[in-house]
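Remarks on the structure that follows.
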Amino acid sequence: MKTTDIVNDLEQKHPGEKEYLQAVTEVLESIEDIYNQNPQFEAAGIVERLVEPDRVITFKVPWLDDEGKVHINLGYRVQFNNALGPYKGGLRFHPSVNLSILKFLGFEQIFKNALTTLPLGGAKGGSDFNPKGKSQGEIMRFCQAFMLELWKNIGAETDVPAGDIGVGGREIGYLYGMYKKLTRQHTGVLTGKGLNWGGSLIRPEATGYGVVYFTKEMLATLGETLEGKTIAVSGFGNVAWGAVRKATELGAKVVTLSGPDGYVYDPAGISGEKIDYMLELRATNEDIVEPYAHEFDGVEFVAGRHPWEVKADIALPCATQNELNEEDARHLIDNGCMCVTEGANMPCTPEAIHLLQENSILFSPGKASNAGGVATSGLEMSQNALKMNWTAREVDDRLHQIMIDIHHSCVRYGKRPDGYVDYVKGANVAGFLKVANAMLDLGVL
Ligand code: NDP
Ligand code: 2IT
């Protein structure tokens with residue numbers, strides 16, 4: 001296999017799908033050696049079969065706003081690979097959603113889900129619907145209209161969607177309600193459900209908790225801990241919230257949050273009621289962090305910029321793809337940052353990753369460090385199948401162990417002779433081997 005040949009071929013077939021090609025290129029570069037050392041993969045066409053989704057479902061979502069005006073959005077589900085288990089991955093509602101973004105996310109999800117050690121395939125879906133400024137009623141009607149099309153293609157043993165940007169507990173409720181009405185079944189087909197109707201404790205905070213557990217393991221390789229460390233976080237959504245909570249609990253100080261409007265710098269640290277306020281801010285659907293700076297003393301709001309210019313020991317990008325570029329990485333390095341752990345999916349550009357690794361900064365790709373969210377979704381599925389609920393402690397302990405195991409896998413396949421761990425390579429090789437070997441066993445499909 002030659003990565004460049006395969007990527008060139010994909011570029012011809014899917015012109016302009018830049019996020020998808022970026023994600024594929026990163027994985028193929030990491031696995032090139034192991035692929036070429038194992039001719040059985042080439043013989044079975046594993047890479048050619050892996051890079052194309054099993055199927056892409058697209059549909060129209062018509063809905064009525066509060067004034068009775070008709071709107072049409074596009075809906076998608078990309079079912080990428082189910083070698084390891086039912087298709088599994090979130091739904092994203094954001095105006096930027098297009099096929100390239102969902103294919104990149106679905107492709108990443110295959111390897112992430114493989115790393116969790118749970119029986120989960122990879123998928124992603126969503127819509128270009130913009131929840132910003134919409135009323136509760138409009139969001140409900142949109143979710144219902146979306147599910148009216150999607151329901152035929154999903155199922156507890158077929159494809160299990162969940163949340164992502166713009167889709168949290170409220171949206172999962174409306175989606176699940178419609179699914180339940182159409183099928184007359186209460187099978188737990190979505191994860192991230194409310195606690196009263198099949199959800200799991202710890203799922204809302206799981207992605208962020210997992211990011212911090214993973215960071216703790218990375219630091220331990222240098223004999224370091226989170227105690228007393230300063231952390232810059234971007235975003236203020238599901239993932240950022242959990243990360244801030246756990247990092248604070250483990251003795252670190254989080255000094256930034258960010259939104260599309262800019263970032264807030266809180267030198268006293270974001271803890272206690274400030275973390276609750278972050279959730280309230282998110283629930284307004286306004287998508288701005290500036291009010292945080294007016295609510296608490298001593299906080300600065302920096303409009304239109306990213307938090308990576310702030311001095312921090314650790315950076316946790318938890319907002320969106322390609323939000324930390326080479327220049328940002330340079331700022332972090334110059335300011336003595338020792339660790340960058342991706343909470344979002346693909347938030348660092350390839351150039352930024354290259355620079356961080358060149359400077360021996362600890363760096364983890366989202367597919368390893370944010371896998372705690374989908375892993376806990378897997379635990380929610382287990383509880384649904386058992387018709388039982390585990391305690392918060394039980395779920396958290398399992399999540400913690402899964403993150404430790406993912407870290408082990410990354411070290412196993414990513415440790416260089418000089419001792420530096422290339423977590424990108426480690427995660428990609430470990431995830432790939434599991435999926436590729438399953439595909440070999442299952443025949444050409
Ligand atoms: P949320 O919708 O809860 O939060 C995302 C936040 O990031 C929003 O405030 C969004 O604002 C903001 N944002 C988007 N673009 C930018 C930007 N350029 N600069 C600053 N902020 C921005 O989403 P999640 O927390 O669920 O997801 C965040 C990331 O984590 C995504 O990459 C997602 O794929 C990933 N992830 C999520 C998991 C989950 O379980 N929810 C699990 C694993 C990964 P706006 O909408 O206005 O752009
Ligand atoms: O990117 C992700 O891993 C998620 N948005 C969570 C997916 C899930 O199925 O819980």
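Just follow the structure's listing: the first ligand is 1, and inside any ligand the first atom is 1.
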**Asked** Which of the listed options, A319, G373, S377, holds the heavy atom that is closest to atom 5 (C) of ligand 1?
**Response** A319
**Prompt:** Do the side chains of V27 and K367 get nearer than 4.5 Å, heavy atoms only?
**Reply:** yes
**Message:** Under a 3.5 Å cutoff, is there a donor and acceptor pairing between the side chains of D396 and Y213?
**Reply:** yes
**Asked** Which option, K124, R203, K88, K367, owns the non-hydrogen atom nearest atom 6 (C) of ligand 2?
**Response** R203
**Fill in**
For atom 19 (N) of ligand 1, the closest protein heavy atom turns out to be G259 O, 4.0 Å
**Prompt:** Nearest protein heavy-atom contact for atom 39 (C) of ligand 1: which residue, which atom, what distance?
**Reply:** T207 OG1, 3.6 Å
**Item:** Closest protein heavy atom to atom 33 (C) of ligand 1, given as residue, atom name and distance to 0.1 Å
**Value:** D164 OD1, 3.1 Å
**Fill in**
protein heavy-atom neighbour closest to atom 27 (O) of ligand 1 works out as I165 CG1, 3.5 Å
**Message:** Starting from atom 3 (O) of ligand 2, what is the nearest protein heavy atom, named by residue and atom, and what distance separates them?
**Reply:** K112 NZ, 2.7 Å
**Prompt:** Evaluating non-hydrogen atoms only, which member of L257, V167, N130, D287 is closest to atom 47 (O) of ligand 1?
**Reply:** D287
**Message:** I'd like to know if Q321 contacts ligand 1, where contact means a heavy-atom distance under 4.0 Å to any ligand atom.
**Reply:** no
**Asked** Any idea which of T320, V239, N370 brings a heavy atom closest to atom 30 (O) of ligand 1?
**Response** V239
**Item:** Distance from atom 8 (C) of ligand 2 to nearest protein heavy atom, with residue and atom
**Value:** A162 CB, 3.4 Å
**Request:** Enumerate the atoms of ligand 2 whose separation from the nearest heavy atom of Q109 is less than 4.0 angstrom.
**Result:** 1 (O), 2 (C), 3 (O), 7 (C)
**Complete:** Nearest non-hydrogen contact to atom 32 (O) of ligand 1 from the set V211, L324, N345 belongs to N345
**Side-chain (T256) to main-chain (V233) donor-acceptor, under 3.5 angstrom** = yes
**Message:** Once you restrict to heavy atoms under 4.0 Å, what part of R203 touches ligand 1? Side chain, backbone, both or neither.
**Reply:** side chain
**Item:** Mode of H306 contact toward ligand 1 - side chain, backbone, both, neither (heavy atoms, under 4.0 Å)
**Value:** neither
**Request:** Nearest heavy atom to atom 8 (C) of ligand 1 wins, so pick from R282, K367, Q109.
**Result:** R282
**Prompt:** Can you tell me the protein heavy atom closest to atom 3 (O) of ligand 1 and the distance?
**Reply:** N238 N, 2.9 Å
